[in-house]
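Here the structure comes first, spelled out in structure tokens, and everything after it is commentary.
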2 protein chains.
Amino acid sequence: MSQQRHGSTPGEAGGVPAFPDLPEATIARLPEYLRALHHLAETGAETVSSEGLAAAAGVNSAKLRKDLSHLGSYGTRGVGYDVSLLVAQIEYILGLDENRAVCLVGVGNLGHALAGYAGFASRGFRVVALFDTDPKKVGEQINGLTVRHLDDLERIAAEESIAIGVIATPPGTAQTVADALVAAGVTSILNFAPGVLSVPSNVDVRKVDLAIELQILSFHEHRKASLTALPGGRAAAASPDKQPEDQEAVGS
Amino acid sequence: MSQQRHGSTPGEAGGVPAFPDLPEATIARLPEYLRALHHLAETGAETVSSEGLAAAAGVNSAKLRKDLSHLGSYGTRGVGYDVSLLVAQIEYILGLDENRAVCLVGVGNLGHALAGYAGFASRGFRVVALFDTDPKKVGEQINGLTVRHLDDLERIAAEESIAIGVIATPPGTAQTVADALVAAGVTSILNFAPGVLSVPSNVDVRKVDLAIELQILSFHEHRKASLTALPGGRAAAASPDKQPEDQEAVGS
DNA sequence: CGCGATTTGTGCACGCCTTCACAAGCGCCT
DNA sequence: AGGCGCTTGTGAAGGCGTGCACAAATCGCG
Ligand SMILES: NC(=O)c1ccc[n+]([C@@H]2O[C@H](COP(=O)([O-])OP(=O)(O)OC[C@H]3O[C@@H](n4cnc5c(N)ncnc54)[C@H](O)[C@@H]3O)[C@@H](O)[C@H]2O)c1
Ligand SMILES: NC(=O)c1ccc[n+]([C@@H]2O[C@H](COP(=O)([O-])OP(=O)(O)OC[C@H]3O[C@@H](n4cnc5c(N)ncnc54)[C@H](O)[C@@H]3O)[C@@H](O)[C@H]2O)c1
């Protein structure tokens, strides 16, 4: 059942008992819960019901309760969840209390925007290095960081204990960059370049492909159009919602 | 909402009357297949086996065959799939042959990068309008397009038959922008601002949240770290592989 | 001190998705 | 013409995730 016996809050690393074996689908939703909780905290709320939090996160309340129960959650029946406690719990599970160092490779159009993005810092990450291979880019100052040459990756990654790398280079060089990241000891990669990366099984890759998102939307447009052309005036019904998420990663 | 009526698909002989009812999971993978196919076509390949295409797209070959079978695919046993035919089929299904018009709202850091992204055009979309509310931004020329004020959205959306909108504004204004898009007749939204959007049930929303991706990676880092702290050198085993993918969308 | 209102945690059933395994179909070679 | 090897398409099984419905737990109040 519930092992609430775990009176210790996050912050301690030595004797982490058994790491909870969360379903991937749950993991993908935790960040959304966290964002909603932070928002609630700002409004002064001290507790939230599963119903309230679910609404704020755009999910079903039963699903939310099950998700939270998986991480041996602290909730009080008849009352709800303690906001700040839950925030701490989720941040601990996600490892955000480590304020992980992130590096960004490819300071072009997109990389520039990412380098200046405040959402990194506010959500538990530190961008500690920028890399590029273009001599015109190397040396440039962006948002307080100097663009380094990719050749320095290995050294700097070690110095700064970088575990996460973001790839924002053209598709053709993405695999090369990924190899370099892996060689430098990076074990998590977020890839913005279209295409499939091949990495060792202990490295996790997540991919963001704008065109894929648009194409999925396009499909639904196509579908909607072909339905409109049909008989029944199938219009908007009272469908609750649906705001899924997921992806998966490699592992070994 | 009135789009030209399209008769039938590019390579269809017998007639594909009803719109195929594809599983969401399949739809999410079709764009990846398409990208892989385009790549193969460039290398001169005329046919591909499910095994080959699956490898190029980073999925299981059985899954790929089932996916393609859902859209009544044309493959030849003992030979494989005809590349160009399959490209045409998937593009038709995804509605890419309509070269859909897309508008972008919020020409800031991220919006600027998106506005200049060549990947839109090359994958079946036309960015036809940019919007912002900042007087300093309105009127600016970006990549051949003039930034318009959001107030012009409704008129321009109608003129250009814009069905897809991209939101790249600060989180606080995302809902307002979404409402404006919906009012202008946009029925598909790609949202880069963190948070949950509320839209009518006939509007599809897909969300891209960088911080969520990083947090998921962070979780796996955390997990990997806690495993490393365990018993013997249980390093890499003979785990085949695993390629992710997925997300979902609203519908109705 | 007990009762009712409230909300969590979860057993269970259902449906979707993945994966295996194999028969059917196709081209080629002899 | 016939056989052989290759590849597709799919039936069936298993796993995962979702959502319902409800018992258990807790609080506030009389
Ligand atoms: N711009 C966008 O809005 C956008 C959106 C989605 C995806 N993408 C993808 O993101 C990637 C980057 O897009 P972009 O528009 O910024 O391209 P870009 O050409 O503007 O920038 C690419 C940068 O990567 C650098 N680079 C090239 N090879 C490198 C290497 N081996 N090591 C390190 N750096 C290297 C280049 O010098 C350049 O600065 C592309 O794969 C693109 O498809 C871009
Ligand atoms: N910059 C990034 O790399 C990045 C990455 C991921 C997500 N995001 C998200 O994307 C969004 C935009 O980020 P950004 O860095 O470009 O911010 P930004 O502040 O640079 O740009 C926001 C732009 O939106 C405009 N705007 C504000 N209110 C508007 C409205 N009501 N209608 C139209 N335009 C409006 C502003 O004038 C500004 O030009 C944010 O929600 C951010 O969280 C950004």
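Here is how names work: the chains are called A, B, and so on, in the same order as the sequence lines, proteins then strands, and each is numbered from 1.
Following rounding to the nearest Å, A:L64 (CG) and C:dG9 (P) show an atom-to-atom distance of 10 Å. Here C:dT8 presents its P atom at 14 Å from CG of A:L71, a figure rounded to the nearest Å. In this structure, B:R29 places its CZ atom 12 Å from C1' of C:dT19, rounding to the nearest Å. Distance CD (B:E51) to P (D:dG9): 14 Å, rounded to an integer number of Å. Rounded to whole Å, the distance from CG on A:L85 to C1' on C:dT8 is 15 Å. Spacing between atom CG of A:D82 and atom C1' of C:dT8 amounts to 15 Å, rounded to whole angstrom units. Between A:L68 atom CG and C:dT8 atom C1' the separation is 10 Å, expressed in whole Å. The nearest whole Å value for the distance from the OH atom in A:Y74 to the P atom in D:dT26 is 14 Å.
Between the side chains of B:E221 and A:T187, at least one donor N or O sits under 3.5 Å from an acceptor N or O. Using modelled atom types and a 3.5 Å distance limit, the side chains of B:H38 and B:R35 yield no donor-acceptor pair.
Taking only side-chain atoms of A:T76, from C-beta outward, the nucleotide of C:dT10, D:dG17, D:dT26 with the closest atom is D:dT26. Nearest nucleotide to the side chain of B:Y81, out of D:dG9, C:dG27, D:dT26: D:dG9. Of the listed nucleotides (C:dT8, D:dG9, C:dC17), C:dT8 has the atom at the smallest distance from the side chain of A:R77. Minimum atom distance to the side chain of B:S49 is reached by D:dT8, of the listed D:dT8, D:dT18, C:dT19. The listed nucleotides are C:dT19, C:dT8, D:dT18; the one nearest the side chain of A:K66 is D:dT18.
When the side-chain nitrogen and oxygen atoms of A:K63 are compared with OP1 and OP2 of D:dG19, one or more of them lie within a distance under 4.0 Å. At the phosphate of C:dG11, neither OP1 nor OP2 sits under 4.0 Å from any side-chain N or O atom of A:R65. Within the 4.0 Å cut-off from OP1 or OP2 of D:dT8, at least one side-chain nitrogen or oxygen of B:S50 is found.
Note that the NZ atom of A:K224 and the CG atom of A:L217 stand 8.0 Å from one another [nearest 0.5 Å].
Ranked by how close their nearest DNA chain C nucleotide is to the 5' end, A:A62 and A:G78 are led by A:G78.
Considering only heavy atoms from C-beta on, A:F219 stays 4.5 Å or farther from B:P31 through its side chain.
Remark: A:H39 NE2 is loosely packed, at most 12 non-hydrogen atoms of other residues, nucleotides or ligands lying under 6.0 Å away.
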